[in-house]
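Proteins come first, then strands; the chains are lettered A, B, ... in the order of their sequence lines, and each starts at number 1.
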Amino acid sequence: MGFIDIIASIIPAAMVYAAPLIFTALGGVFSERSGIINIGLEGLMVMGAFVGIVFHLTFYDTFGAATPWVSIFVAMIVSALFALVHAVASITFRADQVVSGVAINFLALGIGLFLTKQWYDKGQTDMVARPFYATDIPLLSKIPILGEWFFSGWYMTSYLAIILAFVVWFVIFKTPFGLRLRSVGEHPMAADTNGIKVYRMRYIAVMLSGALGGLGGSVYALTVALNFSHSTIVGQGFMALAAVIFGKWHPLGALGAAIFFGFAQSLSIFGSGLPLLEDVPQIFLLIAPYVLTILALAGFIGRAEAPKSLGEPYIKGSR
Amino acid sequence: MLFSNRMINILIPIISVVLGLLSGAIIMLVFGYNPIEGYAALWNGAFGDSYFLGETLRQVTPYILSGLAVAFALRTGLLNIGVEGQVFVGWLASVAVGISFDLPMIIHLPLAILAAALAGAFWGFIPGILKAKLGVHEVIVTIMMNYIALYISNDIVRNVLTDGEDRTAEIAPSASLASEWLASMTYFSRLHYGLIVALFMALVMWFVLNKTTRGFELRSVGFNQNASKYAGMSVGKNIVLAMVISGAFAGLAGAMEGLGTFGYMNVKSGFTNIGFDGIAVALLGANMALGVVLAAFLFGTLKIGALNMPTEAGVPTELVEIVIALIIFFVASSYIIRWAFLRFKKEGK
């Protein structure tokens, strides 16, 4: 296998694993930029995966070939509503945001598995009949080398993830909404004084993180896992959280980090067949994302500065 | 006074549990089950005969220790989400010592337990020192350390302790916590001497925190870092120490599984949840030694009792996971319960 062919087989595979991480990490960026820690990304992905699979299984006959797209949309809506639980607890009830996030993770898995047992009478659902398929982009895939690398064998969802990262970057840094969102996360009292509704902004941010987490989970379920069980989402949410921090709370940083983690994940699965990498023990590729995140936090790879008021409930009138 | 602050602090966990169980009952009703039958099945599954009682107490054992681990760190103001990973390395270390040596029991068993505590302590030391020296948030580091622990222990089981197997050999009898006496008393459940270790450690935590100068310093740092610093305490040293001790407790929880319940370590596809459940245990137990023991007992009961719910009442086991998650929400949202109390009090006047 030549070098070009090797790259051509790695890139699409890496992007399959990266896309769900990108979606979810973008959700994490919204939530954390508004000052709400979201450890619950994992649970939001679980909810998304569950809803995506169940909707697909139930409505395949109705929507036919469009079912995966409708499914991920429905998963987004349901997960956004599910994220309301985290929002109410951590914004209105002033619960510890980390603890509330942990509870979200428990709750999502509990609900998902409970309903799976209830509706399918077994521990996991059936496989979906028609998941997302990899496609070649007409014309562009004919370009030598670049076409092979970037325009053949990709899933449409991977392109969507990359485009969305730029959209989120635009929203957060180039629109009034984004400015308000960031100000609420840095200094909620100053924002409040300027007439920004702190609670409303934070609710919107947490629900957006729910929608994007649900999108990530359902995309993972409909491209990689193809069914729902207790082991569908195991750690992808935490990895997305790592991408948020490794990407320094910046949408494009998160995009880069998520793509890198996707590479690490796909290499740990396919790497043994590749020259150069076949001598690297699999374990190093498996733990690389986590070790790198710790190093990034410790400041060895540039200082990662969190939004100032991250994790602190805003209590009106207190100083 | 009808509702003193202390009274409210005791009432909040109780109300949360009641609300959690009520929500569980409502869910059962919605899905067409009889909640009374469901909870009766749970009760029978936890206490129905001596075998179930033994299994319940066995499940309580690691919960006490993981709950103590979370609680100890929280008293110093640190949230140790990494108990899960510390449980893994503790489990691995105890089994490694258990299978590699051939010693008299009086040395072997304590050595294996000590190895687990040290491994857990080391796993807690890393986030502790990063927090103390560089100000890195312990929550994220400990989450990452969980995954590193998971993958490294799997790799060690596969490539170091065995030759490509998915399970290590059984530990030597001289390193085992298993007890024929307890097992035969409880109709051959897997109950083991670890329960005594766990209860003793609860006592140790109470003593260290409440009766020693060091414990006073640890709690003081948890209350107010600036004031502690002003009083001449080393905040950094206490943070590292709290994480090390917390990790040691978690490592012991791993030893309970390695030396007591299973007697081996296997390759795992995901987490055991002992550590994550420990967060729930600590919160419900208000971070106090006695509270943790009681909360561990409750969660152990729920977990083991739930296994009986499908057979006796047809209710899926996972209902209990939902109930536990809701209990955590209610405890975490104690602000609103407190608010309701104070309102009630005002109107009562």
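- Contact count versus chain B (heavy atoms, under 4.5 Å) is highest, among Leu241(A), Ile283(A), Asn105(A), for Ile283(A).
- Looking only at distances, no side-chain donor or acceptor of Thr76(B) sits under 3.5 Å from a matching main-chain atom of Leu78(B).
- The CG atom of Leu161(B) lies 6.0 Å from the CG atom of Leu92(B); values are rounded to the nearest 0.5 Å.
- For chain A, no part of Phe330(B) is nearby; none of its heavy atoms comes within less than 4.5 Å.
- Gly275(B) and Val83(B) get closest at one heavy-atom pair: CA-CG1, 3.6 Å.
- Both the backbone and the side chain of Ile104(A) have a heavy atom closer than 4.5 Å to some heavy atom of chain B.
- By the 30° and 60° cut-offs, the orientation of the rings of Phe246(A) relative to Phe261(A) is parallel.
- In this structure, no portion of Val88(A) lies under 4.5 Å from any heavy atom of chain B.
- In this structure, no portion of Ile126(B) lies under 4.5 Å from any heavy atom of chain A.
- Closest non-hydrogen pair, Gly210(A) versus Ala83(A), comes out as CA-CB, 3.7 Å.
- The shortest heavy-atom contact between Glu138(B) and Gly77(B) is OE2-O, 4.3 Å.
- Smallest separation of non-hydrogen atoms from Ala313(B) and Tyr33(B): O-CD2, 4.0 Å.
- At a 4.5 Å heavy-atom cutoff, the contact between Leu319(B) and chain A is made by backbone and side-chain atoms alike.
- In this model, no donor atom of one side chain and acceptor atom of the other lie less than 3.5 Å apart for Asp126(A) and Tyr120(A).
- The most heavy-atom pairs under 4.5 Å with chain A, out of Thr317(B), Ile143(B), Leu326(B), come from Ile143(B).
- Between Phe299(B) atom CZ and Ile274(B) atom CD1 the span is 14.5 Å, to the nearest 0.5 Å.
- Contact count versus chain B (heavy atoms, under 4.5 Å) is highest, among Val98(A), Ile37(A), Val102(A), Val234(A), for Val98(A).
- With a 4.5 Å cut-off on non-hydrogen atoms, Val139(B) touches chain A through its side chain but not through its backbone.
- Proximity to chain B (any heavy atom under 4.5 Å) is shown, for Leu109(A), by neither the backbone nor the side chain.
- Residues satisfying the ring-ring contact (aromatic ring centres under 6.0 Å, His included) test with Phe263(A), not counting sequence neighbours, are none.
- The structure places CE of Met145(B) at 14.0 Å from CZ of Phe88(B), a figure rounded to the nearest 0.5 Å.
- Taking non-hydrogen atoms and a 4.5 Å limit, the residue list of residues 45-54 of chain A in contact with chain B is empty.
- Nearest approach of Gly128(B) to Ile239(B), heavy atoms of both residues: O-CG2, 3.9 Å.
- For chain A, no part of Asn159(B) is nearby; none of its heavy atoms comes within less than 4.5 Å.
- Separating the OG1 atom in Thr125(A) from the CH2 atom in Trp119(A) is a distance of 12.0 Å, to the nearest 0.5 Å.
- Heavy atoms of Ile322(B) lying under 4.5 Å from chain A belong to its backbone as well as its side chain.
- Contacts from residues 26-35 of chain A to chain B, taken as heavy-atom pairs separated by less than 4.5 Å, involve no residues at all.
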Lys303(B) vs Glu321(B), test: salt bridge (charged side-chain N to carboxylate O under 4.0 Å, His left out). Steps then yes/no. CA-CA 8 Å; Lys303(B) 285 268 177 175; Glu321(B) 306 292 330; 3.1 Å; yes
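- The residue among Ile152(B), Val320(B), Ile279(B), Ile324(B) with the most heavy atom pairs within less than 4.5 Å of chain A is Ile152(B).
- A search for salt bridge (Lys or Arg N to Asp or Glu O under 4.0 Å) contacts involving Glu84(B) returns nothing, not counting sequence neighbours.
- Top candidate by heavy-atom pairs under 4.5 Å with chain A, chosen from Asn273(B), Asp155(B), Ile328(B), is Asp155(B).
- Taking Thr293(A), Thr116(A), Asp96(A) one by one and counting their heavy-atom pairs under 4.5 Å with chain B, the maximum is reached by Thr293(A).
- At a 4.5 Å heavy-atom cutoff, the contact between Ser100(A) and chain B is made by backbone and side-chain atoms alike.
- For Phe72(B) against Ser246(B), the heavy-atom pair with the smallest separation is CD2-N, 4.4 Å.
- Atom-to-atom distance recorded for Ile39(A):CD1 and Ile36(A):CD1 is 12.5 Å, nearest 0.5 angstrom.
- Here CD of Glu318(B) is found 3.5 Å from NZ of Lys117(A). Values are rounded to the nearest 0.5 Å.
- Residues Tyr147(B) and Phe271(B) bring their aromatic ring centres within 6.0 Å.
- With a 4.5 Å cut-off on non-hydrogen atoms, Leu79(B) touches chain A through its side chain but not through its backbone.
- With a 4.5 Å cut-off on non-hydrogen atoms, Ile327(B) does not touch chain A at all.
- Of the two parts of Val99(A), the backbone and the side chain both hold a non-hydrogen atom closer than 4.5 Å to a non-hydrogen atom of chain B.
- Only the backbone of Thr92(A) has a heavy atom closer than 4.5 Å to any heavy atom of chain B.
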